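Computed from a prediction, not measured in an experiment: that's the story for all the values here.
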Amino acid sequence: MSNGTTNGFHEAMEDLRLNGDTNGRSSSEDETEKKKKMSRKNSTPMMPAFMVSAPGKVIVFGEHAVVYGKAAIAASISLRSYLLVTHLSKSKRTVTMQFPDIDLIHTWNIDELPWEEFRNPSKKKYYYDLVTTLDPELIHAIQPHLADISPEKSEAERKIHQNSAASFLYLFLSLGSPKSPGCRYTLRSTIPIGAGVGSSASIAVCLAAAMLLQIRTLSGPHPDQPPEEARVQMERINRWAFVAEMCIHGNPSGVDNTVSTHGKAVVYQRTDYKKPPIVTPLWDFPELPLLLVDTKVLKSTAMEVSKVAKLKNTHQELVGSIMDAVDKITRTAELLIEEEYFDSEEPESVRRMGELMTINHGLLSALGVSHPRLERVRELVDHEEIGWTKLTGAGGGGCSISLMKPGVPLEKIQKLERQLENEGYKKFRTTLGGDGVGVLWPAVLKNGLDEDEEGGMEIDIEKFLNAPGNDGVEKLVGVSSGLEGAEREGWKFWRVESQ
């Protein structure tokens, strides 16, 4: 990240505040400037196109035990969603959401949306509010505006599209106003959808951050931002991302959106379901190389949780001991990460972390939530001696994660990846424990090329939509797609480290 007290994003936000608010001018403004202002109408400049990005997540330790009040550790991964926000001219009073990854595009007339219901004094929520439940009357007010979404799709697809649109509209109507400018929200994601790795939460964080930026209620990110101020901004994003998640999942835990917002990792524990969970950020969680493998086997979280519950009812003391052991692994991992001499590039430190993952997987297998396709990944990784593998999430399919050993020859990794592809798996090389939500303001990137001398490469909708697949998206706008994998100049993050 570049040094200095401000960056382009921060300066642009200050300009917008000053130009859009007549109280922003100092009392020492000279008389000539005052006369000029009096002779013309006040106007708010159109915001530039900008981007927001947020990561997916994996559960590293503690699956299933977390259901019974034990601790779990979830961490961000470097697979991310990218949201491009473009503003329309004043005469265009429409808002469009376009998510090509699920073949969804829909446009609403801003003036026809149910603003009256959302701005009712008894219903109105402000950007700083903590919203823990959805208002049934507001959900009802949205329904007519979902009726004509994707009519040509199957019922299952329409349900997904309508849930996504409901989440979008609830945020737009809560944070916006009838005077909100026409705009377009275009989203691409490199995160596997429906695989239990936080794709919906990543999108929710992107939308929440973008809308809060549009109403100018976030400060930063900038290099010299005090940690406490950065925490406040991230928590504001996190709260509204949780609202979006409630629209999709009903009663989400909140851990996915928290990890996606903050990045790094969190320890999550819910001992009493009548009370909020205890979520402890691990600000110094190390970045670790990870191989994420999608088995392509559809999973049912409810089915796997039910399976474990039935086993626990039959063998209460035995399964209770397994849950205690899983909890001990999670807490041991937490202490390991906090050790002064833990080094993510040192083989001994990584080995200790990897062995905890292996033991955790063995206990999950004992609970009956693994799958032959998951065991096959573990077998292949073990055979090549390149890392440690465990399932992540509910199990019964879904994804596995493999912590890679330091210094493994590239040829070995490529051989494994070819074998996985031949057997019908989808693999993603990623990094565990990276940054959370980030902003590219304006939507202009510098790539270390000649075009940088002219200000960089502007990201427009056409380029963004036409980027081919995950690799194309990452190459075009990826936060870590600079020269030799370095962080891309332009992206800024709210970063907080422990004191």
Side-chain angles (χ1 to χ4, degrees), residues 49-56 77-88 92 94-108 145-146 148-172 182-211 214 241 244-245 247-248 260 292 294 296 426 428 430 437-440 442-445 457-479 481 488 491:
F50 68 94
M51 295 193 78
V52 179
S53 177
I77 53 176
S78 56
L79 302 176
R80 305 178 70 93
S81 295
Y82 295 92
L83 177 67
L84 175 64
V85 182
T86 49
H87 297 86
L88 310 179
K92 295 183 179 178
T94 60
V95 59
T96 298
M97 62 177 294
Q98 183 170 12
F99 298 172
D101 295 304
I102 59 172
D103 195 24
L104 168 61
I105 181 170
H106 195 80
T107 298
W108 293 271
H145 303 275
L146 305 177
D148 59 345
I149 289 176
S150 306
E152 76 287 356
K153 298 292 184 183
S154 68
E155 195 58 37
E157 284 182 289
R158 281 200 78 202
K159 186 67 175 175
I160 293 171
H161 288 193
Q162 288 175 330
N163 284 344
S164 299
S167 175
F168 172 84
L169 282 180
Y170 202 97
L171 254 60
F172 186 75
C183 55
R184 187 182 191 100
Y185 298 83
T186 306
L187 185 128
R188 299 288 305 271
S189 183
T190 65
I191 305 168
I193 294 173
V197 289
S199 60
S200 68
S202 171
I203 293 168
V205 170
C206 286
L207 288 171
M211 292 181 191
Q214 287 177 294
E245 280 279 84
C247 291
I248 294 174
S260 189
L292 175 72
D294 187 351
K296 299 290 193 72
K426 189 168 185 179
F428 305 85
T430 184
V437 60
V439 179
L440 178 66
V444 176
L445 281 169
M457 177 183 67
E458 184 175 347
I459 308 301
D460 60 27
I461 291 178
E462 187 176 354
K463 285 179 184 174
F464 192 45
L465 288 174
N466 291 334
N470 285 4
D471 291 342
V473 171
E474 285 293 342
K475 185 177 180 181
L476 180 68
V477 299
V479 302
S481 297
R488 206 77 162 273
W491 282 104

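- Listed here is the closest heavy atom pair of C183 and Q214: SG-NE2, 3.9 Å.
- Expressed to the nearest 0.5 Å, how far NE2 of H161 lies from CE of M97 amounts to 9.0 Å.
- The minimum heavy-atom distance linking E474 with S78 is given by the pair OE2-O, 4.3 Å.
- By the 4.5 Å heavy-atom criterion applied to side chains, L476 and M457 are counted as neighbours.
- You'll find the side chain of M51 reaches within 4.5 Å of the side chain of F464, heavy atoms only.
- Considering all non-hydrogen atoms of both residues, Y82 and V479 come closest at OH-N, 3.3 Å.
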Quiz item: Should V477 and L440 be marked as a side chain to side chain contact (heavy atoms under 4.5 Å, CB included) after you check the CA-CA gap, both sets of side-chain angles, and the distance that decides it?
Solution: CA-CA 9 Å; V477 299; L440 178 66; 5.7 Å; no
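- Between S202 and R80, the closest side-chain pair of non-hydrogen atoms is not below 4.5 Å.
- Listed for the S167 side chain is no donor-acceptor partner under 3.5 Å among the backbone atoms of N163.
- Between T186 atom OG1 and L84 atom CG the span is 5.5 Å, to the nearest 0.5 Å.
- Interatomic distance, D148 CG to R158 CZ, rounded to the nearest 0.5 Å: 8.0 Å.
- Across A195 and D294, no two heavy atoms sit closer than the pair CB-OD2, 4.2 Å.
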Practice problem: Report the C-alpha distance between R184 and T107 in whole Å, list the side-chain angles of each, state the deciding distance to 0.1 Å, and finish with yes or no for side chain to side chain contact (heavy atoms under 4.5 Å, CB included). | Solution: CA-CA 9 Å; R184 187 182 191 100; T107 298; 5.6 Å; no
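- Taking CG of N466 as the reference point, atom CG of D460 lies at 9.0 Å (rounded to 0.5 Å).
- The shortest side-chain heavy-atom distance between I193 and I102 falls under the 4.5 Å cut-off.
- In this structure, D103 CG and E157 CD are separated by 7.5 Å, a value rounded to the nearest 0.5 Å.
- Heavy atoms only, all atoms of each residue included: V197 and P192 are closest at CG2-O, 3.7 Å.
- The distance from the NE2 atom of H87 to the NZ atom of K92 is 14.0 Å, given to the nearest 0.5 Å.
- Side-chain contact between L445 and W491: present, with at least one pair of heavy atoms (C-beta onward) separated by less than 4.5 Å.
- Between the side chain of K463 and the backbone N or O of E458 there is at least one donor-acceptor pair closer than 3.5 Å.
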Practice problem: Kindly indicate, with the supporting measurements, whether the criterion side chain to side chain contact (heavy atoms under 4.5 Å, CB included) is fulfilled by V52 and M211. | Solution: CA-CA 10 Å; V52 179; M211 292 181 191; over 6 Å; no
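- I149 places a side-chain heavy atom less than 4.5 Å from the side chain of L104.
- The backbone N or O of S81 sits less than 3.5 Å from a side-chain atom of S53, completing a donor-acceptor pair.
- The shortest heavy-atom contact between I191 and G56 is CD1-N, 3.5 Å.
- Counting non-hydrogen atoms of neighbouring residues, nucleotides and ligands closer than 6.0 angstrom, the CD atom of E152 exceeds 12 such neighbours.
- Taking the six-membered ring where the residue is Trp, F168 and W108 present parallel rings, their angle staying beneath 30° rather than reaching 60°.
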Exercise. Could you go through the side chain to side chain contact (heavy atoms under 4.5 Å, CB included) check for L146 and L169 one step at a time?
Key: CA-CA 9 Å; L146 305 177; L169 282 180; 4.0 Å; yes
